[in-house]
A.B. asks: 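Take a look at the following structure, please.
Just follow the structure's listing: the first ligand is 1, and inside any ligand the first atom is 1.
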Amino acid sequence: MDFDIPENLRMTVETVRRFVKQDLEPISRQVEEEDRIPEDVIQKMRDLGLFGLGIPEEYGGLGLGCLGECLVYEEMGKVNACFRTIIGTNNGIGSQGIVLDGTSEQKQQYLPKLASGELIGCFALTEPEAGSDAANLKTTAELKGSHWVLNGRKHFITNGNIADVATVFALTDRAKRAKGGITAFIVEKTFPGFYVGTIERKMGMRGSHTCELIFDNCLVPKENVVGGQENVGKGFRTAMKTLDRGRLTMGASTMGSAQKLLDLSIDYAKQRVQFGKPIAHFQAIQLMLADMATNIYAARQMVYHAAWLKDATNSSVIKEAAMVKLFCSEMANRVADMAVQIHGGMGYMKDYPVERYYRDLRLTRIYEGTSEIQRLVIARELLKD
Ligand code: COS
């Protein structure tokens with residue numbers, strides 16, 4: 001492996017780093033309080049191309065590749081998670097179904113607008129009875145003439161309330177389910193029968209919304225099956241492949257958050273005085289800082305290696321992606337806990353950002369596949385023939 005990061009990626013990362021510092025960091029607290037990102041900031045994200053990081057250049061994206069995307073997400077992880085989340089579905093789960101399996105007409109129709117941020121995408125797989133057991137979904141799709149008719153209810157859909165277009169997974173053959181009975185559809189919010197339901201109240205991730213999507217006899221044109229008619233029944237594979245890539249970028253951003261928490265903890269430990277000297281002088285604090293740094297170092301190597309492997313071989317990195325998501329999210333939660341501990345009482349106060357990271361990072365062990373599901377995926381890969 002070549003550890004040198006190519007010049008063009010360095011420049012992209014530098015631009016994003018500056019944007020995070022100059023434009024996002026200063027309003028982090030404001031978006032936390034108002035639970036929304038100002039429109040002019042979203043526009044700056046569009047101008048920088050952040051909605052199309054992973055979308056190929058021929059469709060208007062930056063076409064960064066996995067390593068490039070991970071480097072950007074590492075930087076985006078260093079600030080309020082809502083900023084990463086708003087671009088996350090367009091680059092990841094909200095567009096990758098079309099990137100990976102869409103027809104060329106679908107790519108031409110949707111990807112340029114997703115890449116520019118003119119359209120917001122989302123990914124509608126999860127249902128009340130289909131979380132970790134994603135194949136147990138109940139939403140149905142029935143072909144009637146020129147349209148599929150979708151009925152059902154999705155929940156916990158990130159960006160669902162602001163999405164213009166959703167990749168929706170529905171049952172087209174109850175008997176076959178994951179093995180040929182689930183189909184992916186591109187559903188626009190203007191299609192009749194598409195409704196936004198309850199917007200959830202969450203522990204964290206303020207500024208980013210999660211909601212129900214309801215399909216009540218929703219009419220989806222036949223040509224909106226992801227990949228066309230020959231892909232009817234192949235949607236579960238599309239969902240799984242999409243999640244694999246998302247797990248790498250999720251790992252990268254949680255690793256970036258952990259780095260930020262380490263930086264904040266070092267600064268705080270150097271200036272907080274107890275027993276007549278800065279607490280950085282005490283071994284109890286030093287041991288925590290050393291553990292945080294060591295964990296982050298390990299996580300960074302995993303992220304870069306798995307991303308490089310994906311780019312270099314274009315092979316499916318199912319096991320590596322699950323390992324990255326598992327290790328990075330668990331590691332970042334441990335780091336957040338130590339950061340709060342180092343900050344002491346201040347770490348529990350809303351005036352200090354560590355409190356926000358602590359809440360926001362808790363979700364990373366749950367969404368886009370729980371830690372338990374990642375372990376299951378890794379074990380399956382280890383044990384298969
Ligand atoms: N890439 C490509 N295809 C995959 C795949 C992957 N990573 N994982 C599974 N598949 C395919 C299988 O090969 C199988 O296809 P064939 O029938 O052609 O062989 C099909 O999909 C069904 O797979 P499987 O039998 O493994 O399905 P299970 O119902 O046992 O589900 C898990 C497997 C648990 C891995 C799946 O339900 C899962 O990932 N759950 C977590 C979902 C999740 O992350 N949700 C987060 C919310 S969405 S943001």
A.B. asks: Does ligand 1 have any atom that is closer than 4.0 Å to a heavy atom of Ser132?
C.D. replies: yes
A.B. asks: Kindly confirm or rule out an N or O of Asp133 lying under 3.5 angstrom from an N or O of ligand 1.
C.D. replies: no
A.B. asks: Strictly under 4.0 Å, does any heavy atom of Gly131 approach an atom of ligand 1?
C.D. replies: yes
A.B. asks: What are the atoms of ligand 1, with element, lying closer than 4.0 Å to any heavy atom of Ala134?
C.D. replies: 37 (O), 42 (C)
A.B. asks: Can we say Glu368 and Lys325 salt-bridge, meaning some charged N sits less than 4.0 Å from an Asp/Glu carboxylate O?
C.D. replies: no
A.B. asks: For atom 27 (O) of ligand 1, find the nearest protein heavy atom and state the residue, atom name and distance (0.1 Å precision).
C.D. replies: Phe236 CE2, 3.6 Å
A.B. asks: Specify side chain, backbone, both or neither for Phe123, according to which of its non-hydrogen atoms lie closer than 4.0 Å to ligand 1.
C.D. replies: side chain
A.B. asks: Pick one of side chain, backbone, both or neither for how Arg380 approaches ligand 1, counting any non-hydrogen atom pair under 4.0 Å.
C.D. replies: side chain
A.B. asks: Quick check on Tyr367 - does any of its heavy atoms sit under 4.0 Å from an atom of ligand 1?
C.D. replies: no
A.B. asks: With heavy atoms under 4.0 Å as the rule, classify the contact between Leu243 and ligand 1 as side chain, backbone, both or neither.
C.D. replies: side chain
A.B. asks: Would you mind running through ligand 1 and noting each atom that sits below 4.0 Å from a heavy atom of Arg247?
C.D. replies: 39 (O), 44 (O)
A.B. asks: In Å, rounded to the nearest 0.5 Å, how long is the span from CD1 of Ile93 to OG1 of Thr242?
C.D. replies: 8.5 Å
A.B. asks: Can you say whether the rings of Tyr268 and His343 are parallel (under 30°), tilted (30 to 60°) or perpendicular (over 60°)?
C.D. replies: parallel
A.B. asks: Does the protein place a non-hydrogen atom closer than 4.0 angstrom to atom 5 (C) of ligand 1?
C.D. replies: yes
